[in-house]
Undergrad: 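Dumping the structure here so I can ask a few things about it.
Proteins get letters first, then strands, A, B, ... in listed order; numbering begins at 1 in each.
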Amino acid sequence: TAVASLQALFQCDHVQYTLVPVAGWQELETAFLEHKDQFKYFVLINCGANVDLLEILQPEEDTLFFVCDSHRPINVVNVYNDTQIKLLVKQDDDLDVPAYDDIFRDEEDEEEESEDESDGSEPSEKRRRFEEEVIERTMKRRQRREWEARRREILFDYEQYEYHGTSSAMVMFDLAWIMSKDLNDMLWWAIVGLTDQWVQDKITQMKYVTDIGILQRHVSRHNHRNEDEENSLSIDCMRIAFEYDLRLALYQHWSLYESLCNTSYTSASLKLWSVQGQKRLQEFLADMGLPLKQVKQKFNSMDMSLKENLREMIEESANKFGMKDLRVQTFSIHFGFKNKFSASDIVYATTSLMENIEKEGPETTNFIKALDSLSRGNLDKLHQGLDLAKKQLRAIQQTVASCICTNLVISQGPFLYCSLMEGTPDVKLFSKPVSLCLLSKYLLKSFVCSTKNKRCKLLPLVMAAPMDVEQGTVIMVGIPPETESSDKKNFFGRAFEKAAESTNSRTLHNHFEMSIIELKTEDRSKFLDALISLLH
Amino acid sequence: LRRQRVELSVELRKAKKDEQILKRRNISLHSEENPPLGEDRADVMIIQPSLEKIVEAVNGDDTQLQLLATQVTRKILSRHKDPPIDQIIELGIIPRLVEFLGRADNAALQFEAAWALTNIASGTSEHTKAVVDGGAIPAFISLLSSPHMHISEQSVWALGNIAGDCPHYRDALIARDVIPPLLALVSPITPVGFLRNITWALSNLCRNKNPCPPLDAVQKILPVLIFLLQHEDKAVISDSCWAVSYLTDGCNDRIQVVVETGILPRLVELMDSPEFTVMTPALRAIGNVVTGTDQQTQEAIDAGALTVLPRLLRHTKPVIQKEAAWTLSNIAAGPSQQIQQIITSGLLPPLVELLDKGDFKAQKEAVWVVANFTTGGTVEQVLELVRSGVLRPLLNLLLAKDSKTILIILDTISSLFLAAEKLGETEKLCLLVEELDGLEKIEDLQNHENDMVYRAALNIIEKYFSGEENIDLEPQTGQGGLYDFSVEKQDFNF
């Protein structure tokens, strides 16, 4: 969504550009190599902040990078390089970057150390004796050692956890707003960006609510005047509205029943993978007084009378069944009279388009399609995305159910572990990072609801799925524990790195998310052993 | 054609620059260091940090105040940033400080005064002169024998600064008999830091020409230098090597004095040291020795110099490459037996490599090697040189910007043709030069702005490449096959 905003901005200023979608570090490097002779300015969106860009890309000195990326922590070299790297970051984002002097030393200081390693030139004719030379030098050396130890500690603390800052789409919108070039479309993309962070569980509840508040002010600024002119609304007009909507995935484009079954929140709370769970669902529906026939038909075709107070009715019954957070603050969009989408609908649709496993041309086609689906004129692509999303959610739900019913989630001590076998239905879908992450989150949520083991409820989860059977690789993701007060900070990135190092496992840290790793199937068990002992 | 070091002035300029860098670095690093005078002494409050008060206290009778004032002076002169040497000299307190050197009853005062004077003498020649004129030389020399080691060490340091200033002061010190007490400080139990100071001071006593240090002084110092060359500390070894390199940088008689001590094998060994700071001066010393007589050069060869040189020609640092090639060029200027030893020591391949890919300064020296080699070598030796592939890189260097180098190369080519004529292989050499695009380059040189280059190039063209009418030079097949100039594997039919 940030890309869409940026494109609009470029268009606005008639800037020529080339758009290259990249899925991982390798692709980023290749894309850079291919374009570096031709371009001096590179804008990196949602990638690049958390590694030393100059180190991995080795750019010429006159190449300039603008980085708009929510990945945290930002690499310290990127932070302190003020000539080639320009970071687009919201001012109020708390970055906690270590102070410059704590992590960098000027080279002049370095030279001091090797002073007596002269370059083989003749001894000087005359030498002055400095104040307590020897003592001074040993003190310098000791100070340096202490400084280095402290530096390691500071960097360890800083880099230990991976997390996410403000959505790039919101940052882009801010930029547009500051330049007085903000459009309602960009605002909507910012909303989708934020909602994506929420759906993928990347940010804390607190951050979500704060950002919703910020966007709400922009929404009323951009959309208030339309209210008086409702009659004059044209077919292609768009309107954004704040809503206190149901937390049911895609329900307005599905049936209420399907949505209840395939939304992680409801399915985990009701424990739908069990017979009792199914019974509980019937009771829940009965409590609302909704006939099963109505519930199972397309939401659009439900009786208008039933829909009128639907949200309140569902919320009331949900409270009785222990689902106290069924309603959330979000936004919806109207295109003309007919089409209404909630922000999360768009998120599900676009991510499904991005990770569509049906090959329709080169890898980048998915990205372009997803990008297209964001613009108003491409409702057909959006609907295709919604269909894919439904498939994806069903697949996730079925996989979660089977993992729990067959006890595939095992406690490894410091973390839970679940591995999908080759041949599991839909397993191919989960070779994609976002789908695998969603599955992991849903599975962990459900597992926490299903287990009676109190200790297990507090554990993080590591999940593995086959990646490429021919090459014998698996994709592995680690996610933080599912607790209410979770800060969503993830330590698996560093842990994976260390475990791979100590076992010489053949791994590939290709994803911009450090907590996702690819490794050779035969190295998996030694890698896991190392991970266990590392985290103990 | 032996050549003394020509780039001495460049070296000196470089040393100066290094010094400046050193100074600049200190300034930026120690800006925090501007301590209130004598901050560590409570009683210092009596003395205001003004220079007038210092003068007053130094000239006064209160020994306590004398000490404090001298210490304050020393501290000002010891700070890294801009020591105010001029201002201190202007105070006129140097004679008084020299006087303090003689206060055997007050070691602290002696030490502070010695340190302060050391730092004044470390400045410009003007500054050193002020210390010498203050009568410091005899005072420091007698302090060499102080019962306090830190005082005698400080005196060594001060005397080193004075000796390093100019040959005149160096000889003044020698005339005052600085050498015996200085050498007496060297013993197996001398702490290494002290020993470094002594070695450095000794190297300054050996340093500088016009005139060289007196012969008898050199003969006294040499045995101690030889002892120091066996030390394990690399700074001690390095400065000892530098001292030897100074002593060998002169006429053959001076070289002879060093050669006779039998130190050459040790120098060759050090020339092979992994320590850059040791290797450099050792190579310099050997390089100086082979500027001497054939006999002296033979001594260096017998000590193994030729076995180390291949590695040095291939060294990663251009300075070493250059020095090694310079050394080799002087050996190549010797009789054909020594040239033969160059061949048998396997020096031709690294020489060709250097000529091909070395640093330009080193390439220029390598050109000299080839020039001397072709002038002094037998026909067979020259043939061997050509076979090792020297021609291609040599001809490539005709593109150099340096007229002198080009002239030497053209000269060398002429010598090669002379050798070829003797073998009756002129035609083959012509072909080879042409195949290597050499003819083209020589032809281009006829347009060179330098008249001598133009004439030398023209001469070669006229003599060997002026077409078929030159019937004399039809291939003489009489000895055909016996001599073949072709480079191994490369099949150049010469």
Side-chain angles (χ1 to χ4, degrees), chain A residues 54-55 58 61 76-77 79-84 98-155, chain B residues 11-12 14-15 18-19 21-22 24-26 28-30 33 35 74-75 77-80 83 85 115 118-124 127-128 154 157-158 160-166 193 197 199-200 203-204 207-208 235 238-239 242-243 245-246 275-281 284 317 319-320:
Chain A
L54 299 184
E55 173 74 29
Q58 304 281 331
E61 277 183 14
V76 286
V77 178
V79 173
Y80 287 114
N81 180 303
D82 53 359
T83 49
Q84 287 192 267
Y100 181 87
D101 290 332
D102 285 344
I103 42 176
F104 294 106
R105 269 173 100 105
D106 289 331
E107 272 177 28
E108 275 180 275
D109 296 352
E110 316 269 337
E111 271 177 47
E112 171 78 4
E113 279 303 291
S114 55
E115 198 167 26
D116 24 54
E117 313 278 321
S118 80
D119 56 354
S121 57
E122 282 187 62
S124 48
E125 284 105 345
K126 296 175 189 174
R127 300 180 300 137
R128 197 149 60 87
R129 178 169 182 176
F130 296 117
E131 184 74 31
E132 306 307 334
E133 220 174 42
V134 182
I135 300 166
E136 205 170 87
R137 198 167 302 162
T138 43
M139 250 174 55
K140 278 237 159 73
R141 219 162 283 162
R142 201 180 60 218
Q143 279 170 359
R144 175 163 186 101
R145 270 200 302 276
E146 284 166 5
W147 180 86
E148 274 166 0
R150 209 171 104 79
R151 175 179 193 269
R152 276 194 294 276
E153 221 168 89
I154 289 172
L155 279 184
Chain B
E11 298 287 337
L12 283 179
K14 186 180 166 298
D18 288 347
E19 229 166 273
I21 288 170
L22 205 69
R24 216 178 327 124
R25 187 197 310 163
N26 286 335
S28 65
L29 255 180
H30 300 277
E33 219 182 318
R74 180 269 289 174
K75 286 195 174 184
L77 291 168
S78 305
R79 71 178 190 217
H80 285 260
I85 301 182
W115 187 343
T118 301
N119 283 5
I120 296 173
S122 75
T124 63
H127 298 155
T128 313
Q154 196 57 55
W157 196 324
N161 279 339
I162 296 171
D165 184 69
C166 60
N197 257 331
T199 312
W200 167 74
S203 79
N204 272 354
R207 198 168 185 162
N208 292 320
S238 173
D239 280 359
W242 280 109
S245 81
Y246 302 145
E275 294 294 344
F276 186 55
T277 52
V278 171
M279 167 201 285
T280 308
R284 177 74 64 90
K317 300 224 185 208
V319 205
I320 297 288

Undergrad: For B/Asn208, is it the side chain, the backbone, both or neither that has a heavy atom under 4.5 Å from a heavy atom of chain A?
TA: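 Neither part, no heavy atoms under 4.5 Å.
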Undergrad: Considering residues at least two apart in sequence or located in another chain, which fulfil the side chain to side chain contact (heavy atoms under 4.5 Å, CB included) criterion with A/Asn81?
TA: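 Residues passing side chain to side chain contact (heavy atoms under 4.5 Å, CB included) with A/Asn81: A/Leu54, A/Thr83, A/Gln84, A/Ile85.
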Undergrad: Counting only heavy atoms closer than 4.5 Å, note whether B/Ala121 contacts chain A via side chain, backbone, both or neither.
TA: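 It is the backbone, since no side chain atom gets that close.
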Undergrad: What part of B/Thr199 gets within 4.5 angstrom of chain A, counting heavy atoms only: side chain, backbone, both, or neither?
TA: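 Nothing of B/Thr199, per the 4.5 Å heavy-atom cut-off to chain A.
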Undergrad: Under 4.0 Å between a side-chain nitrogen and a carboxylate oxygen: does that hold for A/Arg150 and A/Glu146?
TA: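 No.
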Undergrad: Go through the atoms of B/Ile162 and report whether side chain, backbone, both or neither lie under 4.5 Å from a heavy atom of chain A.
TA: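 Neither part.
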Undergrad: Evaluate the side chain to side chain contact (heavy atoms under 4.5 Å, CB included) criterion for residues B/Arg207 and B/Asn204: first the C-alpha distance (whole Å), next the side-chain angles of each, then the deciding distance (0.1 Å), finally the verdict.
TA: CA-CA 5 Å; B/Arg207 198 168 185 162; B/Asn204 272 354; 3.2 Å; yes
Undergrad: Would a distance-only check, ignoring hydrogens and angles, find a side-chain to backbone donor-acceptor pair under 3.5 Å from B/Trp200 to B/Asp239?
TA: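 Such a contact is absent between B/Trp200 side chain and B/Asp239 backbone.
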Undergrad: Counting only N and O atoms by type, is there a donor-acceptor contact under 3.5 Å from the side chain of B/Arg284 to the main-chain atoms of B/Tyr246?
TA: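 Looks like no, no N/O pair under 3.5 Å.
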Undergrad: Could you tell me which portion of B/Asn119 (side chain, backbone, both or neither) has an atom closer than 4.5 angstrom to a non-hydrogen atom of chain A?
TA: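 Both the backbone and the side chain of B/Asn119 come within 4.5 Å of chain A.
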Undergrad: What residue, out of B/Pro83, B/Ala158, B/Ala163, has the most heavy-atom pairs lying under 4.5 Å from chain A?
TA: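 Greatest number of close heavy-atom pairs with chain A: B/Pro83.
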